[in-house]
Enquirer: 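I have a structure I would like to understand better, so I am pasting it below and will then ask my questions one at a time.
In listed order, ligands and their atoms are each counted from 1.
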Amino acid sequence: MEEQTVIHAEQLTKQFKNEPALKKISFSVRSGEIFGFLGPSGSGKTTTIKILTGQMAQTSGKAAVLGKPIEQINESIYEQVGIVTDNSGLYERMTVYSNLKLFAKILGIDKERIDDLLKRVGLFEHKNKIAGKLSKGMAQRLVLARAILHHPKVLFLDEPTSGLDPSTAAAVHELLLELKETGTAIFLTTHNMDEAAKLCNHVALLHEGVIVEHGAPQALCLKYNRNKQYQIRLEDEREFILPHSEETGEKIRQWIANGELVTIHSNEPTLEKVFLELTGRELR
Ligand SMILES: Nc1ncnc2c1ncn2[C@@H]1O[C@H](COP(=O)(O)OP(=O)(O)OP(=O)(O)O)[C@@H](O)[C@H]1O
């Protein structure tokens with residue numbers, strides 16, 4: 001599968017009255033890639049999604065989705081794009097199944113796919129429930145199912161698993177990884193660093209409307225691993241965090257030789273810590 005750039009943003013800026021929400025952000029997302037846009041509340045994540053999906057105009061800069069400048073985005077792009085944000089757009093009085101059937105009809109999708117998808121998002125047993133009476137987590141999953149019904153080339157997800165229980169969140173993760181494998185580009189915002197580290201090929205760390213760092217999650221953690229350390233547990237249940245040094249190397253060799261070493265882990269920072277170091281702020 002040939003990878004291509006499907007989202008491209010260049011020097012994107014958004015000013016609300018006197019308050020800048022986005023300051024000259026630039027990035028690209030390729031097909032088959034999960035791109036994580038990480039930042040605390042108010043950093044500009046939702047504003048970015050709104051601009052990229054044609055729901056809000058930027059103040060300056062440019063962007064294109066599937067090669068189309070965002071100023072030209074109209075309804076037809078939704079045939080190739082899926083969006084999951086707060087404003088769900090579900091038909092509240094219709095059942096779960098009817099909501100999807102309606103969209104399948106509009107988008108010309110075989111309705112056979114609906115049951116399979118409902119099973120994947122854990123809603124099959126609730127297919128006859130009225131959408132307006134679903135719990136928040138269920139409604140969120142229904143919006144996700146609707147957004148991926150037509151196998152979009154690009155999927156925008158605003159906080160896809162916030163408020164979901166761990167097993168449903170894991171099922172959603174699995175679904176997203178499968179979509180990625182089939183070439184869908186996924187742009188997701190999250191506060192959840194574990195989610196980002198697990199899913200994303202690339203992340204951009206957003207702070208007060210500025211991308212302060214970007215790269216593969218693992219590479220970023222290694223880049224900021226300034227004090228290399230090892231976390232060690234021995235047979236007698238003692239635990240140590242030791243610096244990277246010749247002395248530590250010697251101790252480790254001894255423990256291995258004596259059969260005392262139970263676990264050893266490198267102690268590089270998490271994305272959360274990288275963000276804290278760069279901005280002095282927590283991600284939450
Ligand atoms: N319609 C608007 N009018 C004025 N200011 C706005 C508007 N929408 C967003 N803002 C401001 O722009 C900044 C970025 O908001 P945005 O919703 O993009 O943040 P976010 O990172 O998505 O936050 P959260 O994680 O809480 O959803 C905030 O300071 C917010 O108050």
Side-chain angles (χ1 to χ4, degrees), residues 7-29 34-65 70-71 73 81-90 136-137 139-141 143-144 147 154-165 168-169 172-173 176 185-200 202-215 217 220 270-284:
I7 305 174
H8 182 68
E10 220 175 293
Q11 304 274 303
L12 214 50
T13 296
K14 178 71 185 178
Q15 187 93 15
F16 289 115
K17 296 216 172 102
N18 294 323
E19 205 185 327
L22 292 177
K23 301 171 201 165
K24 297 191 173 178
I25 62 165
S26 301
F27 60 88
S28 317
V29 186
I34 303 186
F35 183 86
F37 214 47
L38 315 181
S41 184
S43 55
K45 304 182 300 291
T46 307
T47 302
T48 306
I49 287 195
K50 283 191 178 160
I51 293 173
L52 293 175
T53 53
Q55 300 174 65
M56 186 188 268
Q58 73 273 37
T59 308
S60 61
K62 56 183 185 176
V65 174
I70 45 178
E71 295 77 12
I73 286 178
V81 172
I83 306 172
V84 180
T85 55
D86 265 354
N87 45 344
S88 70
L90 291 175
K136 185 169 168 271
Q140 209 173 335
R141 282 177 278 152
V143 177
L144 177 65
V154 186
L155 182 60
F156 291 96
L157 301 173
D158 205 357
E159 301 278 347
T161 55
S162 74
L164 296 186
D165 64 78
T168 314
V172 168
H173 287 165
L176 297 182
I186 303 177
F187 179 101
L188 71 85
T189 73
T190 182
H191 296 97
N192 183 334
M193 290 304 98
D194 294 337
E195 174 166 277
K198 188 168 151 200
L199 291 182
C200 299
H202 240 86
V203 293
L205 306 184
L206 191 69
H207 177 54
E208 295 178 354
V210 177
I211 294 179
V212 290
E213 186 55 283
H214 67 94
L220 284 187
T270 58
L271 278 178
E272 185 91 44
K273 288 203 181 122
V274 171
F275 192 83
L276 185 66
E277 176 172 339
L278 284 166
T279 66
R281 270 200 69 172
E282 303 265 340
L283 260 159
R284 278 153 220 290

Enquirer: If you count the atoms of ligand 1 from 1 in the order shown, which ones are under 4.0 Å from a heavy atom of H191?
Expert: 25 (O)

Enquirer: Just to confirm my output: which protein heavy-atom neighbour is closest to atom 1 (N) of ligand 1, and how far is it?
Expert: F16 CE2, 3.8 Å

Enquirer: For the backbone of G280 and the side chain of E277, can you confirm whether one donor and one acceptor N or O come within less than 3.5 Å of each other?
Expert: no

Enquirer: State whether the shortest distance between N or O atoms of T47 and N or O atoms of ligand 1 falls below 3.5 angstrom.
Expert: yes

Enquirer: Could you identify the single nearest non-hydrogen protein atom to atom 22 (O) of ligand 1 and state the distance to 0.1 Å?
Expert: T46 OG1, 2.6 Å

Enquirer: Give the numbers and elements of all ligand 1 atoms closer than 4.0 Å to a heavy atom of K45.
Expert: 18 (O), 19 (O), 20 (P), 21 (O), 22 (O), 23 (O), 24 (P), 25 (O)

Enquirer: How does E19 reach ligand 1, if at all, at less than 4.0 Å between non-hydrogen atoms: by side chain, backbone, both, or neither?
Expert: side chain

Enquirer: Closer than 4.0 Å to some heavy atom of P40 - which atoms of ligand 1 meet that?
Expert: 21 (O)

Enquirer: Classify the side-chain pair S43/H207 by whether it contains a donor and acceptor separated by less than 3.5 Å.
Expert: no

Enquirer: What are the two closest non-hydrogen atoms of V84 and A147, and how far apart are they?
Expert: CG2-CB, 3.5 Å

Enquirer: Would T48 count as being in polar contact with ligand 1, using the rule that some N or O on each side must be under 3.5 angstrom apart?
Expert: no

Enquirer: Nearest protein heavy atom to atom 31 (O) of ligand 1: under 4.0 Å?
Expert: no

Enquirer: Specify the protein heavy atom at minimum distance from atom 26 (O) of ligand 1: its residue, its atom name, and the distance to 0.1 Å.
Expert: S41 OG, 2.6 Å

Enquirer: Please say which of V65, I7, T53 ends up in a side chain to side chain contact (heavy atoms under 4.5 Å, CB included) with I70.
Expert: V65

Enquirer: Specify the closest pair of heavy atoms between P217 and H202, including all atoms of both residues, with the distance to one decimal.
Expert: CD-N, 4.3 Å

Enquirer: Heavy atoms only: which of S162, G39, G42 is nearest to atom 23 (O) of ligand 1?
Expert: G42

Enquirer: Under 4.0 Å from any heavy atom of A21, which atoms of ligand 1 are there?
Expert: 12 (O), 13 (C)

Enquirer: When rounded to the nearest 0.5 angstrom, what is the spacing between CD1 in I73 and CD in Q55?
Expert: 10.0 Å

Enquirer: Checking side chain to side chain contact (heavy atoms under 4.5 Å, CB included) against K45, which of L38, T189, T190 comes through?
Expert: T189

Enquirer: For F187 and F35, take the angle between the two ring planes, folded into 0 to 90°, and tell me which bin it lands in: parallel under 30, tilted 30 to 60, perpendicular over 60.
Expert: parallel

